[in-house]
Amino acid sequence: MTALPAPAAVLFDWDNTLVDNWAAIAGALNAARGAFGHPEMSEAAVRGWVRQSMRNSFPAMFGDAWTEARDIFYGSFRTNHLETLNPLPGAAGLLRGLNGLGVYVGVVSNKNGEYLRKEIRHLAWGGYFGRAVGAGDAVEDKPAVAPVDLALRGTGIGRSDAVWFVGDAAIDMECAIRAGCTPVLRATGDEPEAAFRDWPPAAVADSSEGILRLAVDARRPI
C-alpha cells in the first residue's frame with residue numbers, strides 16, 4: 001500500500017469500529033424476526049448482516065411489513081442499548097490522540113441518528129466529535145456520500161483524500177471511495193476478503209492504537 005495522505009479530518013463508522021453493542025442489536029433484530037416467524041439469527045450472523053441502514057435493509061428482510069418490524073426492533077433496542085454499550089479497547093485514546101493532533105473528527109454511521117447521539121452522550125464522548133451523522137440525518141444513508149457532506153459541513157474541509165473514512169466493513173470503504181476520501185479499514189474478520197475486492201482499503205489496522213499510529217505517521221514530516 002502507498003503512503004497515506006496526512007489527515008485533516010477522520011470520519012468514523014460507529015458500531016464495530018469504536019464501540020461494541022452487538023448484544024442489543026442482535027436481540028432487537030431477533031425480536032423483530034420472531035414477530036414475523038423468521039428463525040433466530042446468531043450474533044455472529046447478525047454481525048455479518050448488519051451493514052446497510054434500516055431503511056435500506058429492512059424492506060428486503062420484511063417486505064411491506066418493514067415499518068412494523070422497525071417499530072418492534074426499536075421497542076426492544078431502546079430498553080438496553082446503553083447498558084450493553086462498550087467502547088472497543090483503546091477507542092477513547094484514539095479519539096483523544098486525533099484531537100491532540102488537531103484533526104477534525106466526526107462519525108458517519110448507519111445507526112439511527114437519535115440512538116447514535118444518545119450513545120455518544122452516554123459515553124461522554126461528545127467533546128471528541130465535531131458532528132455525528134446517523135441514518136436518517138442526511139437525504140441518503142451510507143454508502144451514499146450525503147452523510148459525509150453533512151459530517152463535514154461548516155468545517156471548511158471538503159471531500160478529498162485528506163479526509164479519512166475509518167470503518168470495519170466494505171460499505172465503509174465503498175462510501176469513502178465514492179466520496180473521494182481515503183478508506184481505512186479496521187480489520188475484524190467479520191467480512192471475507194472478497195467483500196473488499198471492489199472497494200479496497202488504502203490501509204488496514206486491527207486496533208485503535210494501529211489507527212492512531214497510521215495518522216501520526218502520515219502527519220510526520222518527510
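We use all heavy atoms of the structure for the numbers below, so side chains are in, but hydrogens, waters and symmetry mates are not.
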List the atom of [X], the atom of [Y], and the distance in Å for their closest heavy-atom pair.
{"X": "P7", "Y": "V103", "value": "O-CG2, 3.6 Å"}
{"X": "Y128", "Y": "V105", "value": "O-CB, 3.6 Å"}
{"X": "A151", "Y": "V108", "value": "CB-CG2, 3.8 Å"}
{"X": "G167", "Y": "M173", "value": "O-CE, 3.7 Å"}
{"X": "V139", "Y": "A146", "value": "CG2-CB, 3.9 Å"}
{"X": "A170", "Y": "W199", "value": "O-CB, 4.2 Å"}

Return yes if some donor-acceptor pair links the side-chain N/O of [X] with the main-chain N/O of [Y] below 3.5 Å, else return no.
{"X": "D172", "Y": "L185", "answer": "no"}
{"X": "R117", "Y": "A132", "answer": "yes"}
{"X": "R131", "Y": "L150", "answer": "yes"}
{"X": "T155", "Y": "L152", "answer": "yes"}
{"X": "D137", "Y": "G134", "answer": "yes"}
{"X": "N16", "Y": "L18", "answer": "no"}
{"X": "T182", "Y": "D161", "answer": "yes"}

Are [X] and [Y] connected, step by step, through hydrophobic side chains (Ile, Leu, Val, Met, Phe, Trp, Tyr) whose heavy atoms are closer than 4.5 Å?
{"X": "W125", "Y": "V166", "result": "yes"}
{"X": "I211", "Y": "L123", "result": "yes"}
{"X": "I157", "Y": "V10", "result": "no"}
{"X": "V145", "Y": "I177", "result": "no"}

For the residue pair C175 and V148, establish whether any side-chain heavy-atom pair is separated by less than 4.5 Å. yes
Can you find a pair of side-chain heavy atoms, one from L95 and one from F129, that are under 4.5 Å apart?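 Counting from C-beta outward, L95 and F129 do come under 4.5 Å.
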Side chains of residues 77-88: which donor-acceptor pairs under 3.5 Å do they make with residues two or more places apart or in other chains?
from, atom 1, to, atom 2, distance (Å)
R78, NE, Y115, OH, 3.2
R78, NH2, Y115, OH, 3.2
T79, OG1, S76, O, 2.6
H81, ND1, E119, OE2, 2.8
T84, OG1, N21, OD1, 2.6
T84, OG1, N80, O, 3.2
N86, ND2, T84, O, 3.3

Start with the C-alpha gap between F36 and E68, add the side-chain angles, then the distance that decides, and say whether side chain to side chain contact (heavy atoms under 4.5 Å, CB included) holds. CA-CA 10 Å; F36 290 92; E68 183 180 350; 3.8 Å; yes
Pair R186-S208, side chain to side chain donor-acceptor pair (under 3.5 Å): steps then yes or no: CA-CA 8 Å; R186 172 150 190 165; S208 299; 2.8 Å; yes
Distance from L4 atom CG to D217 atom CG, nearest 0.5 Å?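 Output value for this atom pair is 9.0 Å.
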Quick one: CZ on F165 to CZ on R178, what's the gap to the nearest 0.5 Å? 13.0 Å
Set out, in order, the CA-CA distance, both residues' side-chain angles and the distance that settles side chain to side chain contact (heavy atoms under 4.5 Å, CB included) for V107 and L11, then state yes or no. CA-CA 5 Å; V107 177; L11 304 180; over 6 Å; no
Steps toward side chain to side chain contact (heavy atoms under 4.5 Å, CB included) verdict (V204, V184): CA-CA 6 Å; V204 179; V184 177; over 6 Å; no
Would R70 and W66 count as a cation-pi pair here, with the cationic atom under 6.0 angstrom from the ring centre and within 45° of the axis?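 Judged by the rule, R70 and W66 form a cation-pi pair.
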Please list, one pair per line, the donor and acceptor atoms closer than 3.5 Å that link side chains of residues 25-33 to other protein atoms, with sequence neighbours excluded.
from, atom 1, to, atom 2, distance (Å)
N30, OD1, M41, N, 2.8
N30, ND2, A26, O, 3.2
N30, ND2, M41, O, 2.9
R33, NE, P39, O, 2.8
R33, NH2, P39, O, 2.9

State whether D13 and K142 are salt-bridged, where the test is any N-O pair (Lys NZ or Arg NE/NH1/NH2 against Asp/Glu carboxylate O) under 4.0 Å. yes
Salt bridge present between E114 and K118 (N-O < 4.0 angstrom):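 The answer is yes: the pair qualifies as a salt bridge.
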What verdict does the salt bridge (Lys or Arg N to Asp or Glu O under 4.0 Å) test give for E209 and R213, after you've listed the backbone C-alpha separation in whole Å, the side-chain angles of each residue and the deciding distance to 0.1 Å? CA-CA 6 Å; E209 293 81 5; R213 281 195 299 273; over 6 Å; no
Could you check N110 against I171 for side chain to side chain contact (heavy atoms under 4.5 Å, CB included), going step by step and ending with a plain yes or no? CA-CA 10 Å; N110 272 340; I171 195 173; 3.8 Å; yes
Mind telling me whether H38 and F62 have parallel, tilted or perpendicular rings, with 30° and 60° as the class edges?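 Judged by the thresholds at 30° and 60°, the geometry between F62 and H38 is tilted.
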Applying salt bridge (charged side-chain N to carboxylate O under 4.0 Å, His left out) to D15 and not counting sequence neighbours gives K111
Among F12, Y104, W164, the one residue meeting side chain to side chain contact (heavy atoms under 4.5 Å, CB included) with L98: F12
